[in-house]
Amino acid sequence: MFDDLRDLYQEVILDHGRKPRNFRRLEDADRTARGDNPMCGDRMELFLKLRPDGAIEDVAFQGRGCAISMASASLMTETVKGKSPAEAHILGDRFRNLAMTGACPDCGASLEEEMERLQPLSGVHEFPSRVKCATLAWHTLNAALDGSGKEATSE
Amino acid sequence: MNAPVQPGFDVERIRADFPVLAQQHRGRPLVFLDSGASAQKPRQVIQAMVRSMEERYANVHRGAYRLSEAATADYEAARAAVARFINAADPREVIFTTNSTAAINLVAHSWGRGVMQPGQAVLVSEMEHHANLVPWHMLRDDNRGIELRICRVTDAGELDLEDFEAKLADGKVGLVAVTHMSNVLGTVTPAERIVAMAHARGAKVLLDGSQAAVHRRVDMQALGADFYAFTGHKLYGPTGIGVLWARLEHQERMPPFLGGGDMIASVTLEGSTWAEPPAKFEAGTPPIVEAVGLHAAIDYVSAIGMPALEAHEHTLVDHAMRRLSDVAGLTLLGRAQDRGGVFSFALDNAHPHDLATLLDRAGIAVRAGRHCAEPLHARFGLEGGTCRASFGLYTTLGEIDYLAEALTKAREFFS
Ligand SMILES: Cc1ncc(COP(=O)(O)O)c(C=O)c1O
């Protein structure tokens with residue numbers, strides 16, 4: 001009945017959804033931000049520890065949500081660890097593009113491996129009501145990096 | 001698969017009246033289980049609205065020309081049809097609004113701010129739709145000295161009548177505003193008892209009938225409430241029209257909610273009656289075509305007969321209760337004795353949004369989230385929300401079987 005949904009719910013996603021990586025608080029975080037999808041009840045809190053040069057030394061999150069939003073947050077934390085804020089922004093822009101269109105024309109330019117890691121989530125573009133589940137973590141990351149302190153939503 | 005549930009009620013014939021149900025969804029027939037959010041429309045409603053616009057449309061109550069008179073007659077005929085449908089004593093008790101939300105806000109404004117006194121309280125319940133909660137938050141926070149009390153819901157999902165009585169006991173409650181049927185739990189509340197208990201303590205009663213009016217015959221004279229709100233689009237009618245039933249003596253005491261030039265008696269021949277109830281609460285050009293559509297919807301369900309609809313729904317509810325209780329890992333929210341065709345559920349290994357995506361793939365439309373009832377989900381420890389299947393008069397036993405089967409397969413998918 002649901003076999004064709006394996007494109008969306010790939011094994012990686014189910015695995016990260018069930019056992020999200022970096023799912024904890026960072027007590028010594030330099031930056032935190034909250035993300036909220038009021039329509040779905042998805043919620044997360046993101047923690048960043050920055051190196052003196054501004055790069056992301058450690059990143060973790062807590063929260064609740066669907067498999068897509070949990071897996072996306074989990075994969076994001078794995079992907080941005082060690083990256084500079086500029087790189088993280090580039091990844092976020094490309095990821096949003098990937099989630100909305102299923103394609104990533106600029107992906108070959110740089111950060112190829114990182115985008116490869118996020119590829120399993122590209123299936124959401126066929127599910128317009130679910131795109132915001134996948135992008136919530138990245139909106140929250142932007143809010144944390146910008147230190148705006150505002151609550152992020154992906155509405 | 002679709003045995004007639006009772007003589008004279010032929011669900012397949014009814015389904016043929018609803019053009020959208022002929023749609024295929026990824027090669028499968030659409031299984032529409034979101035009627036509680038908004039129901040589909042029968043051809044009779046669609047055609048009545050088309051005819052209104054093609055043949056009988058003009059603004060109402062203002063032109064002394066044939067078309068306007070025809071439109072006015074249609075609009076007022078709709079009011080009379082609503083009055084008959086809910087057995088109101090007088091059509092003037094029927095105020096047209098844009099939806100239930102507007103009807104409840106009208107009471108919160110015109111009764112809450114215009115008639116209630118400092119020191120009085122409004123009593124709502126934990127199972128209210130946000131439409132019957134937020135307007136009362138706003139009233140409480142308006143520095144008028146009006147308190148908001150909240151009646152608990154039992155674990156079975158019923159109104160806790162002991163708590164209800166306790167919260168009425170000091171006589172300060174001026175208005176009880178509770179749902180007649182929960183849009184999450186399916187619970188039908190004991191409206192007559194609520195009214196008797198409230199009136200005994202000097203409180204008026206507003207019932208939110210958004211769900212109940214679709215599933216039950218509601219009788220204003222038997223219920224004895226003071227205000228009753230419902231919305232056209234859930235009753236197989238169009239969006240953009242709702243009803244507030246309000247006793248005339250209350251309407252007399254209430255100041256208008258919205259102001260507008262149309263409220264004063266100066267524009268047309270008929271204008272002198274405008275300041276009288278219910279025109280005083282219908283400022284501006286009303287939903288004319290929508291009123292015609294609502295009238296057609298009422299004629300449609302009345303021709304089938306509310307008792308037949310109720311019987312069909314009972315069969316669906318009993319069947320769904322059995323079939324859904326058998327799905328491993330599924331938690332059903334609410335086990336009220338008296339309930340209608342609304343089932344909210346959570347699967348132990350899938351988030352409601354993931355589940356809804358799977359069901360959608362199977363051609364089943366359900367709603368996922370908290371269904372405008374966040375406090376109720378918090379009450380049952382389900383902050384992440386639920387999926388909700390809600391039935392209409394076109395829902396079949398076969399569709400419920402298919403839902404149960406899909407839920408079982410969804411659980412396997414995520415295991
Ligand atoms: C119990 C209940 N009350 C109020 C409403 C609000 O109806 P509307 O959105 O038409 O104003 C709904 C429907 O969403 C409902 O189910």
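Hydrogens, waters and symmetry mates are skipped; everything else that's a heavy atom, side chains included, is used. Note on naming: letters A, B, ... go to the chains in the order of the sequence lines (proteins, then strands), and numbering restarts at 1 for each one.
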How close do B/Pro352 and B/Gly384 get, counting heavy atoms only, and between which atoms?
CG-O, 3.5 Å

Between chain A and chain B, which N and O donor-acceptor pairs fall under 3.5 Å? A table would be great.
{"residue": "A/Asp4", "atom": "OD2", "partner": "B/Arg361", "partner atom": "NH1", "Å": "2.7"}
{"residue": "A/Arg6", "atom": "NH2", "partner": "B/Phe413", "partner atom": "O", "Å": "3.3"}
{"residue": "A/Tyr9", "atom": "OH", "partner": "B/Asp354", "partner atom": "OD1", "Å": "2.7"}
{"residue": "A/Arg18", "atom": "NH2", "partner": "B/Phe414", "partner atom": "O", "Å": "2.8"}
{"residue": "A/Pro38", "atom": "O", "partner": "B/Arg370", "partner atom": "NH2", "Å": "3.1"}
{"residue": "A/Ala67", "atom": "N", "partner": "B/Asp354", "partner atom": "OD2", "Å": "2.6"}
{"residue": "A/Arg130", "atom": "NH1", "partner": "B/His353", "partner atom": "O", "Å": "2.8"}
{"residue": "A/Arg130", "atom": "NH1", "partner": "B/Thr357", "partner atom": "OG1", "Å": "2.4"}
{"residue": "A/Arg130", "atom": "NH2", "partner": "B/Asp354", "partner atom": "OD1", "Å": "2.8"}

Determine whether A/Ile56 and A/Leu145 satisfy the following criterion, side chain to side chain contact (heavy atoms under 4.5 Å, CB included), listing intermediate values before the conclusion.
CA-CA 9 Å; A/Ile56 297 168; A/Leu145 286 172; 4.2 Å; yes

For B/Phe32, which residues count as a ring pair (Phe, Tyr, Trp, His ring centres under 6.0 Å) partner, sequence neighbours excluded?
none

Sidechain-backbone polar pair: A/Arg51 side chain, A/Glu57 backbone, donor-acceptor under 3.5 Å:
no

Quick one: do A/Met70 and A/Phe23 satisfy side chain to side chain contact (heavy atoms under 4.5 Å, CB included)? Show the steps, please.
CA-CA 9 Å; A/Met70 288 292 107; A/Phe23 192 78; 4.2 Å; yes

Would you say the rings of A/Phe47 and A/Phe61 are close, in the sense that their centroids are separated by under 6.0 Å?
no

Within residues 82-101 of chain A, which residues come under 4.5 Å of chain B, heavy atom to heavy atom?
none

Contact origin within A/Phe2 toward chain B - heavy atom pairs under 4.5 Å:
both

Please state whether the side chain, the backbone, both or neither of B/Ala356 comes within less than 4.5 Å of a heavy atom of chain A.
neither

Might you point out which heavy atoms bring B/Ala131 and B/Ile104 nearest each other, and give the distance in Å?
O-CG2, 3.4 Å

Nearest 0.5 Å, what's the CD-OG1 distance between A/Glu113 and A/Thr79?
11.0 Å

Who passes disulfide (SG to SG under 2.5 Å) against B/Cys372, sequence neighbours left out?
none

Supply the atom-to-atom distance B/Leu316 CG to B/Leu397 CG, rounded to the nearest 0.5 angstrom.
5.5 Å

One pair to check against side chain to side chain contact (heavy atoms under 4.5 Å, CB included): B/Phe343 and B/Leu33. What are the steps and the verdict?
CA-CA 10 Å; B/Phe343 288 84; B/Leu33 297 178; over 6 Å; no

Quick one: what part of A/Leu14 sits under 4.5 Å from any heavy atom of chain B, side chain, backbone, both or neither?
side chain

By a 4.5 Å heavy-atom criterion (distance strictly below it), what part of B/Ala350 contacts chain A: side chain, backbone, both, or neither?
neither

